[in-house]
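Accompanying notes for the structure given below.
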Amino acid sequence: MVADLKSKGEISFAGTFASSAMAACFAEICTIPLDTAKVRLQLQKKPVGDGASLPKYRGMLGTVATIAREEGMASLWKGIIPGLHRQCIYGGLRIGLYEPVKSLYVGSDFVGDVPLSKKILAALTTGALAIAVANPTDLVKVRLQSEGKLPPGVPRRYSGALNAYSTIVKQEGVKALWTGIGPNIARNAIINAAELASYDQIKQTILKLPGFEDNVITHLLAGLGAGFFAVCIGSPIDVVKSRMMGDATYKSTIDCFIKTLKNDGPLAFYKGFIPNFGRLGSWNVIMFLTLEQTKKFFTREA
């Protein structure tokens, strides 16, 4: 992935950061409706009692249709502004720092193929560092996405992304911008490792097969594989993160995990799995395809 591109020409950290941020932002714009559906499904509580009504949101397409019908098509892009803020910071840092951190772990005198364990460790590190900086953007994005259709006369909590940042600071304090930082670091470090390491490995394996070359088809297959692997590993943490950021009643990560397990059962940790895979699978394909091209542009300009 990053290493493959780097071997074809030198590229500065600024070039890597810029191309990564651009690719991540483009993927975010294309796939955020699926992310909004995922958040709504994850925040939906299990009905209680014999007379409990059916859940409001059912399945990825059903959730998308319900949101569009009740709130308008534009609501599917709720949180796009903080989403782009997030991708500029998180997307740029996690990939931009990957090569320097990987080199740090293997040592400057290392020669040969970097072990998979070092790749995973480097991706864990950059994912954790990047989201520690970008957590406020993630919080605002989830807050905006989680607010559904309100009764007549009831005002929305936030008028927009910038208003959400300022309102949270005024009402809850600066520290509140880092709500859910624990599960968010765990989720993004793990998913980043799953995405980068699996993309590298799958791409390397595909290129060894007869008839395959380093082209769009290979990048598409590797991106889908990276997305699926990331969702399988990161979905439980993602559910906890979304619930903590969308509902202030949880006292801690452990409290959220225990209450979710007790009230909704173990399958709740894979709520929204299909939209999450649809989101991460398509996101990875778009992001990696765009990244491969933008890196070539910045390498030529270097």
Side-chain angles (χ1 to χ4, degrees), residues 1-2 16-42 60 63-64 67-68 73-98 123 126-127 130-147 158 160-162 164-165 180 184 187-192 194-196 199 219-220 223-224 226-228 230-231 234-235 238 241-242 245-246 272 274-295 297-298:
M1 193 211 71
V2 179
T16 305
F17 181 92
S19 57
S20 302
M22 288 169 61
C25 284
F26 181 63
E28 188 76 5
I29 292 170
C30 293
T31 62
I32 198 169
L34 297 177
D35 191 53
T36 299
K38 179 206 73 174
V39 169
R40 295 288 181 89
L41 284 168
Q42 289 177 338
M60 177 182 67
T63 302
V64 169
I67 295 171
M73 288 292 292
S75 292
L76 292 168
W77 275 266
K78 271 184 177 178
I80 185 60
I81 300 302
L84 294 178
H85 294 165
R86 178 187 187 273
Q87 293 304 338
C88 282
I89 300 170
Y90 175 69
L93 287 175
R94 74 181 180 112
I95 298 175
L97 290 172
Y98 179 68
T126 61
I131 202 59
V133 177
N135 196 80
T137 63
D138 222 4
L139 175 73
V140 170
K141 178 185 170 186
V142 170
R143 291 275 182 99
L144 291 174
Q145 287 178 316
S146 64
E147 197 169 56
Y158 314 113
L162 296 180
Y165 288 118
N184 213 15
R187 171 193 179 270
N188 284 279
I190 291 170
I191 288 180
N192 192 50
E195 287 178 350
L196 298 188
Y199 184 86
H219 302 158
L220 188 150
L224 278 174
F228 181 75
V231 174
S235 191
D238 192 41
K241 182 216 73 168
S242 291
M245 288 184 168
I274 298 300
N276 206 6
F277 172 63
R279 150 75 167 167
L280 268 183
S282 57
W283 193 96
N284 273 277
V285 168
I286 295 169
M287 194 280 288
F288 281 120
L289 286 176
T290 308
L291 180 63
E292 299 269 7
Q293 299 307 312
T294 52
K295 270 185 169 288
F297 170 79
F298 280 99

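- Closest approach of Ala23 to Leu291, counting heavy atoms only: CB-N, 3.7 Å.
- Atoms CH2 and CG, from Trp283 and Asp35 in turn, are 11.0 Å apart once rounded to the nearest 0.5 Å.
- Annotation: the span from Ser235 atom OG to Ile190 atom CD1 amounts to 12.0 Å, rounded to 0.5 Å.
- Taking each heavy atom of Tyr158 and Ala164 in turn, the nearest pair found is CD2-CA, 3.5 Å.
- In this structure, OG1 in Thr290 is found 13.0 Å from NZ in Lys295, a value given to the nearest 0.5 Å.
- For Ile81, the side-chain contact (heavy atoms from CB on, under 4.5 Å) test picks out His85, Ala161, with sequence neighbours left out.
- Other residues, nucleotides and ligands place no more than 12 heavy atoms under 6.0 Å from the CZ atom of Phe228.
- Listed by first and then second residue, the salt bridge (Lys or Arg N to Asp or Glu O under 4.0 Å) pairs that reach into residues 83-93 are Arg86-Asp138, sequence neighbours excluded.
- Residues satisfying the ring-ring contact (aromatic ring centres under 6.0 Å, His included) test with Phe17, not counting sequence neighbours, are none.
- Between the side chain of Asn184 and the backbone N or O of Gly180, no donor-acceptor pair lies under 3.5 Å.
- Between Thr16 and Gly96 the shortest heavy-atom distance is CG2-CA, 3.6 Å.
- For Ala68, the side-chain contact (heavy atoms from CB on, under 4.5 Å) partners are Met73, Leu76, not counting sequence neighbours.
- In this structure, Gly227 and Asn284 approach most closely via the heavy-atom pair CA-ND2, 3.5 Å.
- Distance OG/Ser19 to CD1/Ile95: 8.0 Å, rounded to 0.5 Å.
- Here the CE-SG distance, from Met287 to Cys25, works out to 11.5 Å after rounding to the nearest 0.5 Å.
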Using the rule given for side chain to side chain contact (heavy atoms under 4.5 Å, CB included), can you reason through Ile29 versus Leu84, listing the C-alpha separation, both sets of side-chain angles and the distance that settles it, and then say yes or no? CA-CA 8 Å; Ile29 292 170; Leu84 294 178; 3.9 Å; yes
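- Taking all atoms of both residues into account, the shortest heavy-atom contact from Gln87 to Ala24 is OE1-CB, 3.3 Å.
- Remark: Ser75 pairs with Ile67, Glu71, Lys78 by the side-chain contact (heavy atoms from CB on, under 4.5 Å) rule, at least two apart or across chains.
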Verify side chain to side chain contact (heavy atoms under 4.5 Å, CB included) between Asn135 and Tyr90, making sure each step is shown before the conclusion. CA-CA 9 Å; Asn135 196 80; Tyr90 175 69; over 6 Å; no
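- Between atom CG of residue Leu196 and atom OG1 of residue Thr126 there is a gap of 6.0 Å, rounded to the nearest 0.5 Å.
- Put simply, the side chain of Met22 reaches to within 4.5 Å of the side chain of Phe298, judged on heavy atoms.
- Of all the heavy atoms in Ala134 and Ile89, the pair that sits closest is CB-CG2, 3.9 Å.
- Under the side-chain hydrogen bond (donor to acceptor under 3.5 Å, both in side chains) criterion, Arg94 pairs with Asn192, Glu195, not counting sequence neighbours.
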